[in-house]
> 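Structure incoming, see below.
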Amino acid sequence: MREVLSQRFFDRPTLRVTRDILGKYLVRRIGKRELAREMRDVEAYIGFKDRASHASRGRTARNQVMFGKPGVWYVYFTYGMHWMLNIVTERKGFPAAILIRGVGGIPGPGRVTKFFKIDRRFNGQPANRRTGLWIEDRGVKVLPRTIRRSARIGVEYAGPWKLKLWRFHLSPQTT
DNA sequence: ACGATGATGAAC
DNA sequence: TTCATCATCGTA
């Protein structure tokens, strides 16, 4: 079984999408080659008020993709050297996205983009085969008990929002 | 524990 | 136009 996730998958409440995306595969086509890794560590950034989210300070040139259609990549540059990969969720007009923080064998959002050769070219592009970067269901069953929830990483500044348990990840030896 | 390294957004 | 900050990582 191998099915490309459609826009419909992402047009749902973000926490549900975030949980469901674990065990799915991030796939990248580079020429004739395909790289694919299981998603194991993801974080939700939800709505206008979430102070950890870029969207909390209103719509800007950088974050406008978060306010757009679901199933679109939001890629931004940070710390002068790292690209961060997110997939937009929920309806147009409501800013939300999921940060891909780690995939199989590759922990860390900066390492994920480096491994998959992802940069600003994907920002605003839909996740599908045509754009060369998409997400597949490969039939992996993720048992609810193998999913861990925690506070998000690197958002100490976010006040009460730093306490939200919006990081979902799989422990190293599960599936 | 800290420096790298540059875009971003808010202040001035 | 300046400046602090930043959804991080590698080295120590």
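Convention: sequence-line order gives letters A, B, ...; per-chain numbering from 1.
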> Checking A:Thr113 side chain against A:Trp83 main chain: does a donor-acceptor pair fall under 3.5 Å?
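The answer is yes, because a donor-acceptor pair under 3.5 Å joins these two groups.
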
> Would you give the length of the straight line joining atom NE2 of A:His169 to atom CZ of A:Arg40, rounded to the nearest 0.5 angstrom?
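If we round to the nearest 0.5 Å, A:His169:NE2 and A:Arg40:CZ are 11.0 Å apart.
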
> Could I get a table of every N or O pair under 3.5 Å where one atom is in the protein and the other is in nucleotides 8-12 of chain C?
| from | atom 1 | to | atom 2 | distance (Å) |
| --- | --- | --- | --- | --- |
| C:dT8 | OP1 | A:Arg101 | NH2 | 3.0 |
| C:dT8 | O2 | A:His82 | NE2 | 2.9 |
| C:dC9 | OP1 | A:Pro109 | N | 3.2 |
| C:dC9 | OP1 | A:Gly110 | N | 2.8 |
| C:dC9 | OP1 | A:Arg111 | N | 3.4 |
| C:dC9 | O4' | A:His82 | NE2 | 3.1 |
| C:dG10 | OP2 | A:Arg111 | NE | 2.8 |
| C:dG10 | OP2 | A:Arg111 | NH2 | 2.4 |

> Rounded off to whole Å, could you give me the CZ-to-C1' distance for the A:Phe168 and C:dA7 pair?
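Result: 16 Å.
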
> Quick one: do A:Asp50 and A:Lys164 make a salt bridge, cutoff under 4.0 Å?
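No, this pair does not count.
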
> Nearest 0.5 Å please: distance from the CG atom of A:Asn63 over to the NE2 atom of A:His54.
8.0 Å

> Reading nucleotides 7-12 of chain B 5' to 3', which nucleotides get B (base under 4.0 Å from a protein heavy atom), which S (sugar-phosphate only), which -?
-SSS--

> Output yes when a side-chain donor or acceptor of A:Arg28 lies under 3.5 Å from a complementary backbone atom of A:Lys117, and no otherwise.
yes

> Please report the distance separating the P of C:dT2 from the corresponding atom of B:dT5, rounded so that it comes out in whole Å.
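Here C:dT2 and B:dT5 have their P atoms 22 Å from each other.
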
> Taking only Watson-Crick and G-U wobble pairs with both distances under 3.5 Å, what dot-bracket line describes DNA chain B, where [ ] shows pairs that cross earlier ones and | shows pairs with another strand?
||||.||||||.

> Aromatic rings A:Phe94 and A:Phe48: how do their planes relate, parallel, tilted or perpendicular, breaks at 30° and 60°?
perpendicular

> Please give me the minimum heavy-atom distance between A:Arg138 and A:Val27, naming the atom from each residue.
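What the structure gives for the nearest pair is NH2-CG2, 4.0 Å.
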
> Backbone N or O of A:Asp41 within a donor-acceptor pair of the A:Arg167 side chain at under 3.5 Å?
no

